[in-house]
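Everything below concerns the one structure shown next.
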Amino acid sequence: MSQLLDIRNLRTYLQSGSREVRAVDDVSFSIPKGETFCLVGESGSGKSVSALSVIRLLPEGVASHPTGEILFNGQDLLKLDDPGIRAVRGSQIAMIFQEPMTSLNPVLTIGEQITEALQIHHPNMSDEEAQERTMLALEQVQIPQASGRFRDYPHQLSGGQRQRVMIAMALACEPQLLIADEPTTALDVTVQAEILRLMHKLQDDTGMSMLFITHDFGVVAQMAQWVGVMQQGKLVEVGPSSEVLHNPQHAYTKQLLAALPENLAKPVHLQSLQQSEQSAVVQKPLLQIRDLKVWFPIKKGVFRHTVDYVRAVDDVSLDVPQGQIVALVGESGCGKTTLGRAVLQLEPPTSGSIQIDGQELIGLSARELRPMRRKMQIAFQDPQSSLNPRLLVETTLTEPMKVHGIGANHEERIELASVLMESVQLNRDFLWRYPHEFSGGQRQRIGLARALALNPEFIVCDEITSALDVSVQAEILQLLLNIRQQRNLTLLFITHNIGVVEYLSDQTVVMYQGKIVERGGTAQVCGQPQHPYTQKLLSAVPRLVV
């Protein structure tokens, strides 16, 4: 079999002050022409550094390659000088980065950015020909109304459209190898399905090879002929995707696959699903939402007159029973997060009713609302940005307690915070650290501890597992179930991960364009969806079929 890329005994060491980090340590693998090789592993395992080593994008003063070869069409890329690697980079090997918003230039139109890439690698290409090739590339990645989008800036496009622009830019010079670094991580499942179908089609049309980096095993099963599993800079297992996914040999590969939501042991709920549904009807729910609307005005003209509204949440009614986990699913922009924020009065509702334990929240002043804050809390999607970087974890946890009069003195609040840290499976000594000193999973646990500090009855969890590795995600989900059982907590769990929904929730609510289109027991909604949108959403989920 003809190999397009052949990596042999590659080592990539990164200098961090006086310390040397072995980011890639003796890695070897090959990518045949026209096929896809997936690199999987947890954050920090060396996947992206391996890819950046291939395309020589690591800073020279920081990165070094003590040993190894990167043979591309038989040529060792590590031995090329700067003009030589520039001739390969972009034209023969192209890369799609994980976050297109930070990779695209915000002050240039998308048309200018693609034509610039073309003319750098084809200096003799005229402006007219470059524009024509750019339009063809945009049409190739199925950007709607490509001619009109040519002069748009990145911020005027959706996340899926920006990712398509990145693909168009990468493919404009018709490379032989495409490196895709987590290209679908931040996308909704339906947009992800479109991007993956598009990449499959482009590969079939052009015969290019792909190095695909991901931590989603459903995507691996859908895209790859070959899989390599990385752990701490080493390639611990490599082989055909069918063998690695269904008959893993290495303990780490088995551990990763066992941590997928569909492979976790199903939790033993306090009641069966049928009993839960019956109790939801008979018992008074903890949270009652009636005819809720959250509209944002669209103002235009010199005098800023309101010409229309963005109907983020439009006439929503919902009951959340005490002690249950209700999953709220849907694509970005459907109103999930706005609904969660409106329930907590972090976003002022336009109209409707929200009751917690029979107490109406809409219309309460800030002073009247403060005692209710003890009953309802939120765990945010990104703990890095929601935790104050200047405050010790101790202050983060004890300050809300002091505001709400919990604990007789500071020493008692410290003890309460220590117990809280242990309840989220963190060492009580971690109280005296700052947020930046923790991993992503540990920061998410601290965010949960902060939400639990006031002993609430109800918590909104907003995409709290979306950025986590599968093993860390599994730990957080099991932790949530334990806390729910110990405290009889009620959770509104906002997510777009259907695997998490099926594992965690008692009931599932599907939102589309500000409205609830389907609701019911999770087994029923995920197993026998009735609404066309729910059916579309579930059919788009890439699954690892065992």
Side-chain angles (χ1 to χ4, degrees), residues 5 12 14 23-24 31 36-59 62-63 70 77 85-86 88-118 120-121 134 137-138 140-141 143 152-188 191-192 194-196 198-199 202-203 208-216 219-220 223 230 332 382 440 466-467 469:
L5 183 73
T12 303
L14 304 177
V24 178
I31 304 179
T36 298
F37 186 100
C38 269
L39 266 184
V40 297
E42 296 176 291
S43 300
S45 63
K47 306 187 302 294
S48 294
V49 175
S50 298
L52 292 170
S53 298
V54 170
I55 205 167
R56 296 259 307 267
L57 281 179
L58 292 167
V62 175
I70 301 174
L77 299 182
I85 192 63
R86 279 200 297 269
V88 173
R89 187 191 295 144
S91 60
Q92 296 178 55
I93 302 177
M95 187 161 184
I96 303 169
F97 296 94
Q98 182 170 357
E99 180 43 70
M101 195 59 184
T102 55
S103 306
L104 294 170
N105 192 325
V107 299
L108 294 179
T109 66
I110 61 171
E112 289 171 334
Q113 296 185 59
I114 298 174
T115 54
E116 180 184 45
L118 280 166
I120 284 173
H121 294 288
T134 299
L138 290 174
Q140 199 176 19
V141 297
I143 290 280
D152 281 356
Y153 291 89
H155 72 272
Q156 294 175 286
L157 306 176
S158 70
Q161 288 172 333
R162 283 195 291 268
Q163 197 61 278
R164 287 167 190 264
V165 170
M166 285 288 295
I167 296 172
M169 191 182 302
L171 297 180
C173 295
E174 300 177 351
Q176 298 174 55
L177 175 66
L178 178 66
I179 301 173
D181 187 3
E182 300 269 15
T184 62
T185 296
L187 302 179
D188 294 312
V191 180
Q192 173 180 268
E194 291 171 10
I195 295 294
L196 294 179
L198 172 66
M199 293 179 79
L202 294 173
Q203 187 176 31
M208 68 179 178
S209 301
M210 273 199 284
L211 174 57
F212 201 102
I213 297 169
T214 184
H215 62 256
D216 188 330
V219 171
V220 173
M223 294 294 292
M230 289 197 73
S332 298
D382 181 10
S466 63
D469 292 314

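We find the OG-CD1 distance between Ser91 and Ile120 to be 11.0 Å, quoted to the nearest 0.5 Å. Separation of atoms CE (Met199) and CE (Met223) is listed at 5.0 Å; rounding is to 0.5 Å. Here CG of Leu138 is found 11.5 Å from CD1 of Ile167. Values are rounded to the nearest 0.5 Å. Considering CG of Leu198 and CG of Leu171, their distance stands at 8.0 Å, rounded to 0.5 Å. Between His215 atom NE2 and Ser45 atom OG the span is 11.0 Å, to the nearest 0.5 Å. The CD1 atom of Ile110 sits 6.0 Å away from the CG atom of Asp152 when rounded to the nearest 0.5 Å.
When all heavy atoms of Ile85 and Ile55 are compared, the pair lying nearest together is CG1-O, 4.3 Å. Residues Thr214 and Glu182 come closest through the heavy atom pair CA-OE1, 3.5 Å. Across all non-hydrogen atoms, the minimal contact from Lys47 to Leu39 is CD-O, 3.6 Å. Here the closest non-hydrogen pair linking Cys173 and Leu118 is SG-CD2, 4.1 Å. Residue Leu52 comes nearest to Phe97 through the heavy atom pair CD2-CE2, 4.4 Å, listed as atom of the first residue, atom of the second, then distance. Of all the heavy atoms in Arg162 and Leu157, the pair that sits closest is NH1-O, 2.6 Å.
Considering only residues two or more places apart in sequence or on other chains, Gln176 meets the side chain to side chain donor-acceptor pair (under 3.5 Å) condition with Asn73. Partners of Gln140 by side chain to side chain donor-acceptor pair (under 3.5 Å), not counting sequence neighbours: none found. With sequence neighbours excluded, the residues satisfying side-chain contact (heavy atoms from CB on, under 4.5 Å) with Leu108 are Asn105, Glu112, Gln113, Glu116. Every residue meeting the ring-ring contact (aromatic ring centres under 6.0 Å, His included) condition with Phe37, not counting sequence neighbours, appears here in chain and number order: Phe29. With sequence neighbours excluded, the residues forming a side-chain contact (heavy atoms from CB on, under 4.5 Å) with Ala94 are Ala170, Pro175, Leu178, listed by chain and number. Contacts of Ala51 classified as side-chain contact (heavy atoms from CB on, under 4.5 Å), with partners at least two apart in sequence or in another chain: Met95, Ile179, Leu211, Ile213.
Inter-residue side-chain proximity for Ser50 and Thr12 is flagged as unmet; no heavy-atom pair is nearer than 4.5 Å. Residues Gln192 and Val219 have side chains in contact (heavy-atom distance under 4.5 Å, counting atoms from C-beta outward).
A donor-acceptor distance shorter than 3.5 angstrom exists from the side chain of His121 to the backbone of Arg89, with no hydrogens or angles considered. With hydrogens and angles ignored, the 3.5 Å screen pairs a side-chain donor or acceptor of Asp469 with a backbone N or O of Ser43. Although no hydrogens or angles enter the test, the distance criterion places no donor-acceptor pair under 3.5 Å between the side chain of Arg164 and the main chain of Ile143.
For the side-chain contact (heavy atoms from CB on, under 4.5 Å) with Phe212, the qualifying choice from Asp181, Leu196, Ile96 is Leu196, the only one to do so.
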